[in-house]
Amino acid sequence: MAVRVRYPPSPTGFQHIGSVRTALYNYLYSRGQGGTFVLRIEDTDRKRFVPEALQDIYDTFAWLGFHWDEGPDKGGAKGPYLQSERLAIYTSYVDELLARGQAYRCYCTAERLEGLRKEQESAGAANPSAQGYDRHCRWLPESERQEQESAGTPSVIRLAIPLEGSTSFVDMLLGEITVENKSISPDPVLIKSDGFPTYHMANVVDDHLMEITHIMRGQEWLPSVPMHVILYHALGWSPPAYCHLPMVMGKDGHKLSKRLGSTSIRDFRAQGYLPDALLNCIAMVGWSYDGSRELFTLKELEELFDIGKLNKAPGVFDYQKLDWFNGMYIRAKSREELADLIAPFMKEAGLPSDDRSMLQGIAGLVQERVKTLSEVPGMVRFIFEEPLAPTRDDLLPRKSDPEKTVDALRRLQALLPELGGSPVASEARLRALAEQLGMKLGDLLMPLRVAVTGSKVSPPLVESILVMGVDEARRRAARAIAILEQR
RNA sequence: GGCCCCUUCGUCUAUCGGUUAGGACAUGAGAUUCUCAAUCUUAAAAGAGGGGUUCGAUUCCCCUAGGGGCUACCA
């Protein structure tokens, strides 16, 4: 049977590291198996729906560069792929369950449920097992049921979980798992009072109707599997294969959340991470190829991904490692590619971003010393905006007299117009000057570096000057000389 | 509280009974270098604890501990 997997986000927040990893593994598995990858939007919670989040799903995966074969934007034979457009389907199946007595209407009010919860909390250890709904309406006499119906009391529909026995299933990663029916959430809601299905109902019905063969998702779903299995059986279906992935956690050891710094993909994008780097890094949390190789393109991952190499233990997403990955990918780009990537960040920072040869020059300046694209403007701002006037202290190397430094700066200033062409040739001329003065090139250049860049730390000076233009560099050198000559 | 899952360097991981327990990030030291980076070399760094099984356990089983998840008319 052809493999069909799905990624079912709910549009309640932005796509983040954890959700994208789940999507990625599903995608990779579908590619490796020659299967189909389906996107299904689980928008059954009207209160939490945020339209921006829906758009974010499309934007994120377009940027990351992998896509589904069937989905709301793409169509497909098993649609619609928006759960809010499938309401009639869910009700028809729940009617069957109702008719067979496998589900029942519950008229309990939110207040009663709340009171029940409080009661159970205070009962504490005295009543260890029975937590959750007390199944009050499951045993409602027919007369009372009629009464509620004619009174028009709002109701939900609950699944009647078997009171005895146990339910088991096999997880591809975790093996066989068996749970006592007694410990399954007592009679979960299938249809809410607003007529929308809950996740439990919708995902079971849709996975079956969409002929999903494998469910790959985070381990936080593990506890609800027995209940889903019961639902499948109640509907006369058999469940798909399960594979529960280890969770991705933040540095605090908890499930990734907004508060721990940015985890949303759009934020990483804004900070100047490259999609390939991010994907590569995400893929390595919970899966590894052989423990030594860790640089992979999407294409390679598609071929190499293997469920057997998944890890069972949850993993912490390492931001420092992401920086390293990003640096590797930035360095692997060509000047031209990097120039294109840099342009929007220059523009965003209010710096020139249209001159391609200039951008390529900048790419050369920063390529080996930047971890994210957003660092670029700060690193090259001095090229476009004259830095604050340096102080004497900054200009004067330790243990060096002002006269010598001024003299060196003068010589440099005079030499500047002759620079040009290749950085190598320019550097050779400066090296010759240093030799002539009996100085090390580094010592000769430091005052000029401060004069030109405003800092002792900068991209390579010679190349920077060439990008900036020698005239501007001369002006700044002159300014530095003036500062040193002030008494 | 109950149920479920997990447990190798600080972090991501390799090992599918026999290894000096390997790699990577981060960290320290050194080399190189026009500063900073990048690059190269190098150092330190791990099998939670206790029982078994076995000629032999990081590896298989059990217990304990620790961590995480779930326990909604959210997904």
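For clarity, every value in this text was computed on a predicted model and none was experimentally measured.
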Take atom [atom1] in [N] and the same atom in [M], then report the distance between them in whole Å.
N	M	atom1	answer
B/G50	B/C55	C1'	23 Å
B/A45	B/U11	P	16 Å
B/C73	B/G67	P	29 Å
B/G47	B/U59	P	13 Å
B/U13	B/A46	C1'	12 Å
B/G22	B/A31	P	27 Å
B/A57	B/G18	P	12 Å
B/U20	B/U39	C1'	29 Å

For RNA chain B, whose closest nucleotide is more 5', that of A/Arg21 or that of A/Arg117?
A/Arg21
Taking the nucleotide of RNA chain B with the nearest heavy atom to each, does A/Tyr199 or A/Leu173 sit closer to the 5' end?
A/Leu173
Is any side-chain nitrogen or oxygen of [X] closer than 4.0 Å to OP1 or OP2 of [N]?
X	N	answer
A/Asn181	B/C3	no
A/Lys47	B/A72	no
A/Ser10	B/C74	no

Suppose we define a pair by two distances each less than 3.5 Å, Watson-Crick or G-U wobble; what does [N] pair with here?
N	result
B/A46	none
B/U19	none
B/A14	none
B/G30	B/C40
B/C70	B/G2

Base, sugar-phosphate alone, or nothing: which one does [X] contact when heavy atoms must sit under 4.0 Å apart?
X	value
A/Gly327	nothing
A/Val285	sugar-phosphate
A/Pro11	nothing
A/Ser193	base

Could you state the [atom1]-[atom2] distance from [X] to [N], rounded to the nearest angstrom?
X	N	atom1	atom2	result
A/His200	B/C74	NE2	C1'	9 Å
A/Gln120	B/G2	CD	P	15 Å
A/Trp287	B/C12	CH2	P	17 Å
A/Asn280	B/A24	CG	C1'	12 Å
A/Met227	B/A72	CE	P	12 Å
A/Arg40	B/A75	CZ	C1'	12 Å
A/Leu279	B/C12	CG	P	20 Å
A/Gln15	B/A75	CD	C1'	13 Å

Are [X] and [Y] close enough that some pair of their side-chain heavy atoms sits under 4.5 Å apart?
X	Y	answer
A/Arg138	A/Asp187	yes
A/Arg158	A/Leu190	no
A/Ile191	A/Phe196	no
A/Phe345	A/Gln271	no

Going by an N to O cut-off under 4.0 Å, is there a salt bridge joining [X] and [Y]?
X	Y	value
A/Glu418	A/Arg429	yes
A/Asp276	A/Lys333	yes
A/Glu114	A/Lys118	yes
A/Asp134	A/Arg112	yes
A/Glu300	A/Arg293	yes
A/Asp45	A/Arg48	yes
A/Glu149	A/Arg145	no

Atom pairs, N/O to N/O, protein against nucleotides 68-71 of chain B, distance under 3.5 Å?
residue : atom : partner  : partner atom : Å
B/G68   : OP1  : A/His254 : NE2          : 3.2
B/G69   : OP1  : A/Lys255 : N            : 3.4
B/C70   : OP1  : A/Lys255 : NZ           : 2.9

Please state whether the rings of A/His244 and A/Phe169 are parallel, tilted or perpendicular, taking 30° and 60° as the class boundaries.
perpendicular
Partners of A/Phe325 by ring pair (Phe, Tyr, Trp, His ring centres under 6.0 Å), sequence neighbours excluded?
none
Just by modelled atom types, is the A/Met284 backbone N or O under 3.5 Å from a matching donor or acceptor in the A/Glu294 side chain?
no
Using modelled atom types only, decide if a donor and an acceptor are shared between the side chain of A/Trp287 and the backbone of A/Ile282 within a distance under 3.5 Å.
no
Acceptor/donor pairs from residues 432-451 of chain A side chains to any protein atom, 3.5 angstrom cut, sequence neighbours excluded:
residue  : atom : partner  : partner atom : Å
A/Arg449 : NH1  : A/Ser458 : OG           : 2.9

Polar atom pairs between nucleotides 20-23 of chain B and protein, under 3.5 Å, N or O only, would you list them?
residue : atom : partner  : partner atom : Å
B/G22   : N2   : A/Gly291 : O            : 3.0
B/G23   : N3   : A/Gly291 : O            : 3.3

Where the side chain of [X] is defined as all heavy atoms beyond and including C-beta, which of [options] is the nearest nucleotide?
X	options	answer
A/Ala313	B/C73, B/A75, B/U7	B/U7
A/Asp318	B/C74, B/U7, B/G10	B/G10
A/Val179	B/C25, B/C3, B/U13	B/C3

Can A/Arg40 be said to sit on top of A/Tyr7's aromatic six-ring, NZ or CZ under 6.0 Å from centre and within 45° of the ring axis?
no
Shorter than 3.5 Å, N or O on both sides, protein versus nucleotides 45-48 of chain B: list them out with atom names.
none

Reading nucleotides 33-42 of chain B from the 5' end, what letters show protein touch, with B for base, S for backbone sugar-phosphate only, - for no heavy atom under 4.0 Å?
-BBBBSS---
